[in-house]
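In each ligand, atom 1 is the first atom listed, and ligand 1 is the first ligand listed. For reference, positions follow the sequence shown, starting with 1.
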Amino acid sequence: MEGKVRTRFAPSPTGFLHIGSLRTALYAYALAKKNNGDYVLRVEDTDQKREVKGAVEALKETLLKFNLKWDEYYVQSERLEKYKEAAEKLVAEGHAFYCECKAKNAKEEGFSAELRDPCRDKKLTSGAIKLKVPEGETLAYFDFVHKKEISWNSETVYDATLLKSDGFPTYHLAVAVDDIDMKISHIIRGHDWLPSTPIHLLVFKYLGGPIPAIGHPTDILSGETGKKLSKRRDSVFVEQFLKDGYLPESLINFILLLGWAPKDNRELFTLEEFVGNFDINGFQEANPKFSIEKLNWFNGYYIRKKSDDELLVLLKPYLPENADFEKVKQIIPLIKDRLIKLSDFSTFAEFFFDYKKPDMKLFGENYKKHLETAFKIIESTEPFDLESLNSKLMVVVKDNNFKTGEFFMDLRIAVAGSKFTPPINESIVILGKEETLKRLREFV
Ligand code: GLU
């Protein structure tokens with residue numbers, strides 16, 4: 001690639017980071033880093049009505065949890081002079097015009113039948129500044145995600161507002177001014193912006209370019225509805241996934257494959273490995289599907305790669321308040337293979353800290369005999385360790401002609417309050433003799 005590769009991630013601080021935006025940031029980061037380039041974080045806060053307080057700090061914090069560190073940082077609201085200057089230059093050169101129409105009309109948000117603004121030939125000298133779209137031009141660019149040229153006839157492009165009368169630029173102006181000024185070589189951004197691209201192509205050209213390479217990764221579809229992921233229907237916020245106990249490395253690995261694929265069928269990538277293997281030709285045009293099963297698989301995989309000590313630290317926010325760390329340390333090896341997310345810890349291990357008497361209907365018909373026998377054995381087991389407990393319980397099962405499965409199921413239900421627990425003898429040893437007998441006493 002010619003010149004230095006410089007990419008940007010340009011979020012608007014309108015709320016928490018969306019999973020699709022994290023993917024955009026990741027792709028922009030990888031493209032820059034693979035080519036020894038720079039990755040710029042640019043806060044696009046010119047639509048002040050939509051800004052959410054605290055969103056900028058939250059976005060930065062979230063990006064850092066994924067190690068997506070930026071080389072440069074800009075905030076658009078601190079650069080208003082530049083946009084004003086650029087807009088005035090466009091007016092002076094005949095590519096834009098002042099408009100004094102009152103309310104911002106609906107057309108501003110998209111295309112409509114009336115694409116030409118009534119003020120475009122009035123030669124006004126104040127008001128908002130709008131783009132004077134030329135007639136009869138073809139506006140085209142090569143999209144490096146779609147791997148094809150995409151073009152529009154200028155007749156279908158509307159006279160977009162560039163600078164509002166309050167002096168704030170619209171996205172259409174600010175994006176071009178900044179991408180030129182910041183020497184951005186590649187734009188990677190959400191598919192939503194593809195229809196705005198012809199406006200930007202004109203602004204880039206009139207401002208003297210150059211026009212960066214542009215790619216629009218395709219929308220992520222919900223695995224359930226098959227429709228575009230939506231804030232209202234689906235879980236989309238990165239922080240929510242983290243809170244639920246998905247690890248950053250799992251989320252990164254999962255999303256990098258939502259719209260990009262390596263030449264081989266490799267699936268496992270750390271961030272560094274992804275950067276090392278990144279290839280701009282790997283973008284996929286088909287819409288990726290968000291499969292929670294796949295994300296769960298990655299998360300289980302990365303959880304099992306953690307050492308028990310690392311897991312102890314990660315599990316801290318998910319432990320019951322009264323949890324004793326020594327006990328948790330012993331529990332981790334028992335449940336590590338079953339955890340899908342960190343928050344599952346309580347599903348598997350809550351009974352260690354908080355006993356809920358089971359529904360009597362869960363027990364088998366011989367439960368009383370089973371539990372009475374178990375009580376006596378557990379009471380007399382000394383030393384109270386796994387080896388002695390295993391062998392003594394097996395002996396009584398045999399001597400009494402109990403069915404092994406039924407015996408241990410009743411024991412499990414009595415001690416843990418549920419049918420689904422880690423291995424029961426191991427759990428009993430961790431729970432301790434006294435607490436186990438206390439629980440069994442309820443039934444004998
Ligand atoms: N501020 C836009 C957004 O929030 C960024 C679009 C772009 O990257 O050009 O989606």
A.B. asks: Write down, by chain and number, every protein residue that brings a non-hydrogen atom to less than 4.0 Å from an atom of ligand 1.
C.D. replies: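 Contacts of ligand 1 under 4.0 Å: Arg8, Ala10, Pro11, Ser12, Glu44, Tyr171, Val175, Arg189, Trp193.
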A.B. asks: Kindly say whether the aromatic ring centers of His216 and Phe283 come within a distance under 6.0 Å.
C.D. replies: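 Not close enough - the centres of the two rings lie 6.0 Å or further apart.
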A.B. asks: Do Arg23 and Tyr27 meet the cation-pi criteria used here (NZ or CZ under 6.0 Å from the six-membered ring centre, within 45° of the axis)?
C.D. replies: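 No, Arg23 and Tyr27 do not form such a contact.
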A.B. asks: Are any of the side-chain nitrogens in Glu57 or Lys60 under 4.0 Å away from the carboxylate oxygens of its partner?
C.D. replies: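 Yes, Glu57 and Lys60 are salt-bridged.
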A.B. asks: Examine Tyr355 together with Phe351 and report whether their ring centres are nearer than 6.0 Å.
C.D. replies: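 No; Phe351 has its ring centre 6.0 Å or more from that of Tyr355.
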A.B. asks: Is the distance between the ring centroids of Tyr318 and Phe345 less than 6.0 Å?
C.D. replies: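 Tyr318 vs Phe345: aromatic centres not under 6.0 Å.
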A.B. asks: Given the rule in the side chain to side chain contact (heavy atoms under 4.5 Å, CB included) test, do Asp308 and Lys336 qualify, once you have shown the distances and angles that lead to the verdict?
C.D. replies: CA-CA 8 Å; Asp308 293 357; Lys336 194 169 170 180; 2.9 Å; yes
